[in-house]
Amino acid sequence: MAAGEVTLDPEIAAFLAEMKARWAAHPPFDTLDFPEQRAVCEAVRARWTEGGPEMARTIERVFDPGAGKLHVRVHFPEGVREPAPALVYLHGGGFTLFSIDTHDRLMREYAAAGGFAVIGVDYPLSPEHKYPVALDRIEALMLWLKAHGGELGIDPQRLAMGGDSAGANLSFAAALRLRDRGEGGLVRAILSNYGYFSTAVSDEAEASFGGSGSIMDRAEAVAYYANYLTDFERERSDPLACPLLADLAGLPPVLLVIPECDLLTEQSLAMEARLRVAGVATEAIVYPGATHSFLEAMSVAEVARQGIADGAAFVAERLSR
């Protein structure tokens, strides 16, 4: 699909225009250091984290689950019985940006729609913390939840993992790690929102959905991976850094949430094909006119609300078994 043929959902187009205007109120991104970039991201996205469902209760905890300190936030929706089934949600941001604050409303929306708890994780960001630091701590958290989830009101027998973009990558990588150590049954499902699974972005994807003015182009995407990896040339073939290269057999059921108009759409479609070949129960939904990060437009776009509803229903169904 050529760039001129892409038809954005009108509500998503309005969301992107407002996002662009909010970015313009700040200094050029490439003139800022990483802490400054993160502060701007928080400010720009504050508009879309406002409102949303009220939770019955929320727990904040900073602790070391076994591989280094983590900050987690646990949302319990109205009506959920404890110990509660839970989705461990990993925010996106190219391994470099964003936080549980930028994704707080999204997590609350999942909790309210699905009737399960959501555990948001502020994992260590790159380039200050290179691969596999974040993955090590996320894996440790999952093992800690198996042993101690009841301390947080969580049922360790009913855990799912999910995330958007880099967070989807980390969800797959953690599930692969757990599978390989004999703990594959710990994760009951994976929710993958516009996942970032490989350093490879095709010329076709760049021509169709990248370039000047796009929400993310190839140079930006590759730069995020360069931030994340310690040795780019060597680790770009590591299946735990690039899960598209992994042996995927034995993973739990997966839902791939795929925006039509995204630089990374090809990666989710490739992941779908590889999961099916590996015998993994896989669902994939393509959302017409949607772009990368479209779920953040939940307050203004019906396609985002539908994407959240679909993800919540998938997780709820898998955790009810």
Side-chain angles (χ1 to χ4, degrees), residues 34-35 38 62-72 87-100 103 119-148 159-187 190-201 220-252 254 264 267 271 274-275 278:
F34 290 111
R38 292 167 192 146
V62 178
F63 71 113
D64 183 347
K69 186 173 70 174
L70 281 176
H71 172 199
V72 301
L87 168 65
V88 178
Y89 197 83
L90 307 172
H91 66 81
F95 313 102
T96 304
L97 306 170
F98 305 161
S99 69
I100 54 176
H103 284 61
I119 304 171
V121 185
D122 249 345
Y123 54 85
L125 298 176
S126 60
E128 296 93 333
H129 303 279
K130 294 281 194 175
Y131 170 80
V133 173
L135 178 57
D136 288 345
R137 297 193 194 182
I138 292 163
E139 179 191 24
L141 173 64
M142 297 305 295
L143 294 170
W144 185 91
L145 288 169
K146 178 186 177 182
H148 305 287
L159 295 174
M161 297 192 74
D164 53 282
S165 196
N169 175 309
L170 290 164
S171 295
F172 272 95
L176 289 165
R177 278 255 193 106
L178 291 166
R179 178 203 65 185
D180 291 347
R181 67 185 298 156
E183 296 285 0
L186 183 57
V187 181
I190 297 173
L191 172 61
S192 173
N193 297 327
Y194 29 89
Y196 189 20
F197 303 128
S198 168
T199 62
V201 177
E220 180 183 356
V222 173
Y224 288 140
Y225 250 118
N227 287 341
Y228 182 50
L229 301 180
T230 302
D231 183 333
F232 184 85
E233 292 304 321
R234 178 176 61 84
E235 291 171 342
R236 68 190 301 184
S237 61
D238 183 336
L240 292 178
C242 297
L244 195 54
L245 306 176
D247 172 6
L248 302 170
L251 287 182
V254 173
L264 301 183
Q267 295 195 8
M271 179 62 84
R274 296 211 60 238
L275 286 165

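Positions are given from 1 along the sequence.
- Looking at residues two or more places apart in sequence or on another chain, you find no salt bridge (charged side-chain N to carboxylate O under 4.0 Å, His left out) involving Lys69.
- Contacts of Pro252 classified as side chain to side chain contact (heavy atoms under 4.5 Å, CB included), with partners at least two apart in sequence or in another chain: Val187, Ile190.
- Residues passing the salt bridge (charged side-chain N to carboxylate O under 4.0 Å, His left out) test with Asp136, sequence neighbours excluded: Arg177.
- Take Phe197 and apply the ring-ring contact (aromatic ring centres under 6.0 Å, His included) test, not counting sequence neighbours, and it matches Phe172.
- Evaluation of the ring-ring contact (aromatic ring centres under 6.0 Å, His included) rule for Tyr123 yields His91 as partners, not counting sequence neighbours.
- Every residue two or more places apart in sequence or in another chain that forms a side chain to side chain contact (heavy atoms under 4.5 Å, CB included) with Glu183 is listed here: Leu143, Lys146, Leu178, Arg181.
- Applying the side chain to side chain contact (heavy atoms under 4.5 Å, CB included) criterion to Ser198, with sequence neighbours excluded, gives Ala200, Leu244, Gln267.
- Scanning for side chain to side chain donor-acceptor pair (under 3.5 Å) contacts around Asp238 gives Tyr131, with sequence neighbours left out.
- Side chains of Ser99 and Asp122: a donor-acceptor N/O pair is absent below 3.5 angstrom, by distance only.
- Taking the salt bridge (charged side-chain N to carboxylate O under 4.0 Å, His left out) definition, one finds that Glu128 meets it with Arg38, sequence neighbours left out.
- In this view, Arg236 and Glu233 satisfy the salt bridge (charged side-chain N to carboxylate O under 4.0 Å, His left out) rule, not counting sequence neighbours.
- Looking at residues two or more places apart in sequence or on another chain, you find a side chain to side chain contact (heavy atoms under 4.5 Å, CB included) between Ala160 and Leu87, Ala189, Val315, Leu319.
- With sequence neighbours left out, Asp164 forms a side chain to side chain donor-acceptor pair (under 3.5 Å) with Tyr89, His103.
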